[in-house]
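This report concerns only the one structure given below.
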Number of protein chains: 2
Amino acid sequence: MRDKYEMQLRKLHAEMIEMGTMIEQAIETAIKALVAQDTELAKKAIEADDAIDHQEREIENLCLKLFLTQQPVAGDMRNISAALKMITDMERIGDHASDISELTLCMAGTPYIKKLEHIQQMAKETIVMLVSSIEAYVNADEKKAKSVIEHDDVVDDLFDKVKNELITMIHENSDDGEQACDLLMVAKYLERIGDHATNISEWVLFSITGEHID
Amino acid sequence: MRDKYEMQLRKLHAEMIEMGTMIEQAIETAIKALVAQDTELAKKAIEADDAIDHQEREIENLCLKLFLTQQPVAGDMRNISAALKMITDMERIGDHASDISELTLCMAGTPYIKKLEHIQQMAKETIVMLVSSIEAYVNADEKKAKSVIEHDDVVDDLFDKVKNELITMIHENSDDGEQACDLLMVAKYLERIGDHATNISEWVLFSITGEHID
């Protein structure tokens with residue numbers, strides 16, 4: 001009985017890693033399509049969101065099965081509950097990657113009014129946060145989960161940088177306004193991805209310590 | 001057998017209407033909290049999103065039960081498939097209502113730089129679209145579904161109006177930039193809600209005619 005349970009828990013962790021990888025790839029693909037103004041790739045990124053939704057369902061079913069057949073207690077109970085909460089945030093990260101690609105489709109064909117380096121940097125930082133939070137979950141690494149939460153400031157600072165830059169551009173030339181708004185939205189979605197990665201790490205901490213930070 | 005089936009289909013429709021109502025209320029509450037800068041109400045609006053997610057799961061289970069136990073064919077098959085697709089868009093509308101409330105929390109305490117009338121109008125129009133698409137689904141009303149899809153132009157025009165107004169404001173005074181960005185995002189979320197209502201009606205048309213417009 002215990003063996004089967006351990007096996008199912010390991011399967012849960014493997015599926016969580018898989019969903020994490022899917023989301024990292026979704027962010028990467030969305031940013032690649034954005035930078036290259038590649039509409040075909042953007043469409044692929046939008047379609048890929050279905051697979052992420054599907055993976056969320058798979059994990060949900062696995063968690064419910066664990067609850068029903070194994071009646072876990074204390075630590076294990078929290079570990080499974082945390083997974084159920086984490087996948088909601090993970091699914092929304094997938095949504096935002098898809099949202100970014102929708103904006104890519106809108107902007108395609110018009111040269112960018114600014115370099116996208118900070119936006120690319122935001123994407124990189126959120127991926128680091130995401131990878132770390134999944135690792136923190138699987139290895140019950142409290143320190144790593146806390147570092148993710150602290151790291152969100154880096155993403156927020158980058159967002160402020162992009163926002164102020166775009167505000168200045170619109171202030172100086174309102175002709176840039178249309179695209180500036182779209183780029184602002186891209187940055188906002190990345191900032192939200194950072195928020196969701198933070199939420200994920202808060203659930204990881206809950207799964208380890210039993211306390212939920214808000 | 002057929003009686004039980006009819007009963008389950010009616011239950012599905014009732015649950016769809018229920019989820020529709022939940023989402024309409026979510027939009028209404030989010031906009032009310034925004035306009036009044038009511039942070040308590042905004043927090044309630046964010047929490048209410050969990051109930052919407054739960055309702056999505058309920059409907060999903062009901063659809064799967066219908067598939068498995070009744071093995072529906074042709075029209076009924078499409079009707080249930082459409083419901084499964086519609087709830088994904090409905091869930092995202094709930095997310096956006098919650099996103100708007102997050103922005104309300106950011107902006108609270110600072111007087112608005114502009115009247116919110118167009119934003120309120122956008123909310124009203126999206127609610128009309130939403131109510132009509134659910135009615136079109138339940139009554140298999142092709143004409144109504146088509147009218148929703150056409151109505152999305154009204155929301156898009158309002159979004160352009162808000163966007164251009166905000167661009168002009170930032171252009172004239174970059175001090176307004178911070179809040180202008182937040183308001184822009186609110187309008188963007190409403191515009192996305194309109195897109196999702198359009199998707200819902202496209203699925204309604206599919207459920208009636210068997211053809212999917214993209």
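Note on naming: letters A, B, ... go to the chains in the order of the sequence lines (proteins, then strands), and numbering restarts at 1 for each one. Because the structure is a prediction, the values reported are computed rather than measured.
Residue A:T168: no heavy atom, backbone or side chain, is found under 4.5 Å from chain B. Only the backbone of A:N173 comes within contact range of chain B, with at least one heavy atom under 4.5 Å from a heavy atom of that chain. Residue A:E178 touches chain B through both its backbone and its side chain, counting heavy-atom pairs closer than 4.5 Å.
Aromatic ring centres of B:H118 and B:F159: separated by at least 6.0 Å.
Contact check on A:K44 versus A:E47 returns no salt bridge, with no Lys/Arg side-chain nitrogen under 4.0 Å from an Asp/Glu carboxylate oxygen. Salt-bridge formation is not detected for the pair A:E60/A:K85: no Lys NZ or Arg NE/NH1/NH2 atom is positioned less than 4.0 Å from an Asp or Glu carboxylate oxygen. Residues A:R92 and B:D99 are paired through a salt bridge, judged by an N-O separation under 4.0 Å between the basic side chain and the carboxylate.
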